[in-house]
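In what follows, a structure is listed as structure tokens, so that the remarks can point back to it.
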Amino acid sequence: MKNHLVAKILNDVSYALEILDVEFKPRAYARAARSVENLSKPIEDIYAEGGKKALDNIPGVGESIANKIEEIIKTRSLKYRNKLIRKIGFDFTELMNIEGLGPKMIKKLHEELGVKSLADLDKAAKEGRIRSLEGFGEKTEKKIMDNVEFARVKNKRVLLSTAFNEAQEVKKELIPFAEKVEVAGSIRRMKETIGDIDILAVAKRGKHEEIIKKFARLGKVVMEGETKIRIRLDSGLNCDLRIIELDSFGSALQYFTGSKDHSIELRKIAMKKGLKLSEYGLFKNDKKIAGRNEEEVYKKLGMQCVPPELRENIGEVELAQKNKIPELINYDVIKGDLQMHTKYSDGGNSVEEMVLKCKNLGYEYVGISDHAGNLKIANSMGAKEVSKQRKEIQNLNIKGIKVLQGAEVNILADGSLDVPDKLLKEFDFVIAAVHSKFNMARDEMTKRLIKAIKNPYVIILAHPTGRKVLRKESYDADWKEVFKAAKEHGVLLEINAHPERLDLPDSLINQAVKMNCALIINTDSHSVDNLEYMKFGIGQARRGGCTRKAVANALSFTKFLELLKK
DNA sequence: GCCGTTTTCGGCCCGACTGTTTTCAGTCG
Ligand SMILES: Nc1nc2c(ncn2[C@H]2C[C@H](O)[C@@H](COP(=O)(O)OP(=O)(O)OP(=O)(O)O)O2)c(=O)[nH]1
Ligand SMILES: [Mg+2]
Ligand SMILES: [Mg+2]
Ligand SMILES: [Zn+2]
């Protein structure tokens, strides 16, 4: 996937143009770079399928940038970028990563001190030469030294679950001092990876200073002002706290939830209506006309309130203006979890423990789906264990929840399953998934998946793309064809809710939703704790525009059983 | 360079924090 490379190069261009004091173009390139970075579909696929016109459809990408993206896809580099770097006289791109060091400072450091690299910068700072520059001082010099060190060990983005759970911890600490406190930013949008934690709070009367003090003790203070404070947590994750008054809470939540480009879009709409939108509220001639809650802000802008998971400025604003935002699946409508592993294969808990936890989560039914077949790494079950597990399930004495016995079966390279039909027919449902031989030509992989879909025992195609968040890219396949086959043969496409998978990813969920495919959200749990991952899967479903009726495990048990008959 | 229910030309989000500024530019959210 070349998205990151394309975004990086466009961002280099933006920075270069800013160093060269060009107006507005830097913004255009930065905007396009963000758009590309946020695509979850590989940009080379978009280009292969729709050519330059498809690139032009990416928000913030026009004719000129589309041409440049084409060049990057074909050659992995961009002549225009290199030309700009030659014009500036040195490759500044490694200096871009230093926090607090922007294009203007980089330019000045180069012109006055000949700084061309991180090493030069470090040396200049240590020799005390930076403080002598006009506009720079001792503190700037110290900050540069600190951040050069930090840039080397720079914390990257983390999994949604990691940040989500840490954010809950921080939130809990703040509750005693807060009238209101809400996790915002990319976590509220349920993005699959997170850069930092953003928290918005209204302090209880007279507790403004206390809440800031409390927050400061939760980590190392990086920056502190009247209304904003940032700490670095022990985990290395940054956490921003913004304090606001109650009557601005809604507009502030809108601002702090973002995304940046979604907010800019809203602010432009406000401008066109002769209004002004900021975190403090929506204003008409300095008079506040909305701000206490988000719904009000969107309403006064003449649109539906957009669910946080859709706020990426990829068309949702227009939908909201036309009153066409879909009724997204809610977080509380899931009635069963159909992929989980127990000690029978590679899970850590017993069947009983898993079922009990599912009952506590309020589910009506649950499917145990240990690995079956020859897959050695996952300690797969053979026929004997399958029958033993079946009896154990039958003898479970847990009231109020129905338990199905399923199996997760490996799809072999030729698309056949790793378990003979004789055994497959013993299960209440069969999950098929690829766990080996990922490197396959697109056509072959498509055929392989479709053959598995056509197997009459298969009910669910699990983690369909095989990607691992931050670790492994999806294998290549013609997803449109795969989805078409799934629909035709009554196979449910899984939204794997495990935070390391989130597979299908949001953009493919959207594609499946548009094709009217049936989906199912499963946690793929390997322990009772993992069963809590369901919310992350629902979050991705919502990001993909998924409604309740498209999701099989939002159905009652009777309705769900009908699906299994197919 | 992008973009269009007032525009195909003429705009481009708005505000907090920092440092060294005596009035603001740079950087970031
Ligand atoms: N209006 C406006 N809002 C911004 C801007 N930059 C950031 N924000 C808002 C929207 C963001 O969601 C929110 C938090 O900023 P972050 O840098 O933490 O971004 P976000 O959480 O979206 O993504 P992340 O996963 O942290 O990289 O602040 C900006 O330039 N203008
Ligand atoms: Mg953030
Ligand atoms: Mg932030
Ligand atoms: Zn699996």
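To find a chain, count down the sequence lines: A is the first, B the second, and so on, and within it residues start at 1.
- For the pair A/N67 CG and B/dG1 P, the interatomic distance rounds to 11 Å; values are reported in whole Å.
- Listed nucleotides: B/dG29, B/dG26, B/dT7. Nearest to the side chain of A/D198: B/dG29.
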Next item on the list: Walk me through it: do A/T465 and A/D503 pass the test side-chain hydrogen bond (donor to acceptor under 3.5 Å, both in side chains)?
Entry: CA-CA 6 Å; A/T465 79; A/D503 182 7; 3.0 Å; yes

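- Comparing the same atom, P, in B/dG11 and in B/dC17 gives a spacing of 32 Å after rounding to whole Å.
- Side-chain atoms of A/K276 lie closest to B/dG15 of the nucleotides B/dG15, B/dG29, B/dT27.
- Residue A/I212 contributes atom CD1, which lies 12 Å from atom C1' of B/dA16 at whole-angstrom precision.
- When the C1' atom of B/dG19 is taken as reference, atom CD of A/E134 falls 13 Å away, rounded to whole Å.
- Both A/K68 and A/L101 lie near DNA chain B, and the one whose nearest nucleotide falls closer to the 5' end is A/K68.
- One P atom belongs to B/dT18, the other to B/dC12, and the distance between them is 28 Å to the nearest Å.
- Salt bridge status for A/D261 with A/R311: absent, with no side-chain N to carboxylate O gap under 4.0 Å.
- Summarising the local packing, CD of A/Q168 is surrounded by more than 12 heavy atoms from other residues, nucleotides or ligands at distances under 6.0 Å.
- Comparing the C1' positions of B/dT20 and B/dA25 gives a spacing of 11 Å, expressed to the nearest Å.
- Checked against B/dG29, B/dC17, B/dG15, the side chain of A/S278 finds its nearest nucleotide in B/dG15.
- Residue A/K268 contributes atom NZ, which lies 14 Å from atom C1' of B/dT7 at whole-angstrom precision.
- The separation of B/dC2 from B/dT8, taken at their C1' atoms, amounts to 12 Å, rounded to a whole angstrom.
- Each of B/dG29, B/dT7, B/dG1 was ranked by its minimum atom distance to the side chain of A/F256; first place goes to B/dG29.
- By the 6.0 Å contact criterion, NZ on A/K288 is enclosed, its count of non-hydrogen atoms from other residues, nucleotides or ligands being greater than 12.
- Shown are A/I212, A/I211, A/L218; of these, the side-chain contact (heavy atoms from CB on, under 4.5 Å) with A/F215 is made only by A/L218.
- In this structure, A/K25 reaches the bases: a heavy-atom distance under 4.0 Å links it to at least one base atom across the strands shown.
- Counting non-hydrogen atoms under 4.0 angstrom, A/E23 reaches nothing in the nucleic acid.
- Among the protein residues, A/R31 comes within range of no part of the nucleic acid, since none of its heavy atoms lies under 4.0 Å from any strand.
- Remark: A/R27 is in phosphate contact with B/dC13, judged by side-chain N or O atoms under 4.0 Å from OP1 or OP2.
- Considering only side-chain N and O atoms, A/R230 lies under 4.0 angstrom from the phosphate OP1 or OP2 of B/dG29.
- Dashed line: the shortest gap from a side-chain N or O of A/K228 to OP1 or OP2 of B/dG15 is not under 4.0 Å.
- We find that A/E279 and A/R242 are joined by a salt bridge, their nearest charged nitrogen and carboxylate oxygen being less than 4.0 Å apart.
- A salt bridge does not link A/K52 with A/D56: every distance from a Lys NZ or Arg NE/NH1/NH2 to an Asp or Glu carboxylate oxygen is 4.0 Å or more.
- Nucleotides B/dT21 and B/dG26 have their P atoms positioned 14 Å apart, rounded to a whole Å.
- As rounded to whole Å, 19 Å separates atom P of B/dA25 from atom CG of A/L133.
- In this structure, CZ of A/F24 is placed 14 Å from P of B/dG10, rounded to the nearest angstrom.
- If you check distances only, the side chain of A/R267 does reach the base of B/dC14 with a donor-acceptor pair under 3.5 Å.
- The side chain of A/I264 lies closest to B/dC13, out of B/dT5, B/dG1, B/dC13.
- For the OP1/OP2 pair of B/dG1 and a distance below 4.0 Å, the side-chain nitrogens and oxygens of A/S64 include at least one atom meeting the criterion.
- Sequence order on DNA chain B of the closest nucleotides to A/G100 and A/L275 puts A/L275 first from the 5' end.
- The interatomic distance linking A/E18 (CD) with B/dA25 (P) rounds to 15 Å, in whole Å.
- Nucleotide B/dG10 forms a pair with B/dC3, judged by Watson-Crick or G-U wobble geometry with both contacts under 3.5 Å.
- The separation between A/I269 atom CD1 and B/dG11 atom C1' is 16 Å, rounded to whole Å.
- With distances taken from any side-chain atom of A/R242 to the nucleotides B/dA16, B/dC13, B/dG1, the minimum falls on B/dA16.
- An OP1 or OP2 oxygen of B/dC17 is reached within less than 4.0 angstrom by a side-chain nitrogen or oxygen of A/T227.
- Note on A/I65: only backbone sugar-phosphate atoms sit closer than 4.0 angstrom, heavy atoms only; bases stay farther off.
- Only the C1' atoms considered, B/dG1 is 23 Å distant from B/dT6, to the nearest whole Å.
- A salt bridge does not link A/K142 to A/E138: none of the charged nitrogens lies less than 4.0 Å from a carboxylate oxygen.
- Within 4.0 Å (heavy atoms only), A/E224 reaches sugar-phosphate atoms of the nucleic acid but no base atom.
- If you check every strand for non-hydrogen atoms under 4.0 Å, A/P103 touches sugar and phosphate atoms only.
- A/L277 comes within contact range of the sugar-phosphate backbone alone, with a heavy-atom separation under 4.0 Å but no base atom that close.
- For A/Y280 and B/dA16, the shortest distance from a side-chain N or O to OP1 or OP2 is below 4.0 Å.
- When distances are taken from the side chain of A/E279 to each of B/dA16, B/dC12, B/dT18, the shortest belongs to B/dA16.
- Look at the C1' atom in both B/dC13 and B/dT27: the space between them is 16 Å, to the nearest Å.
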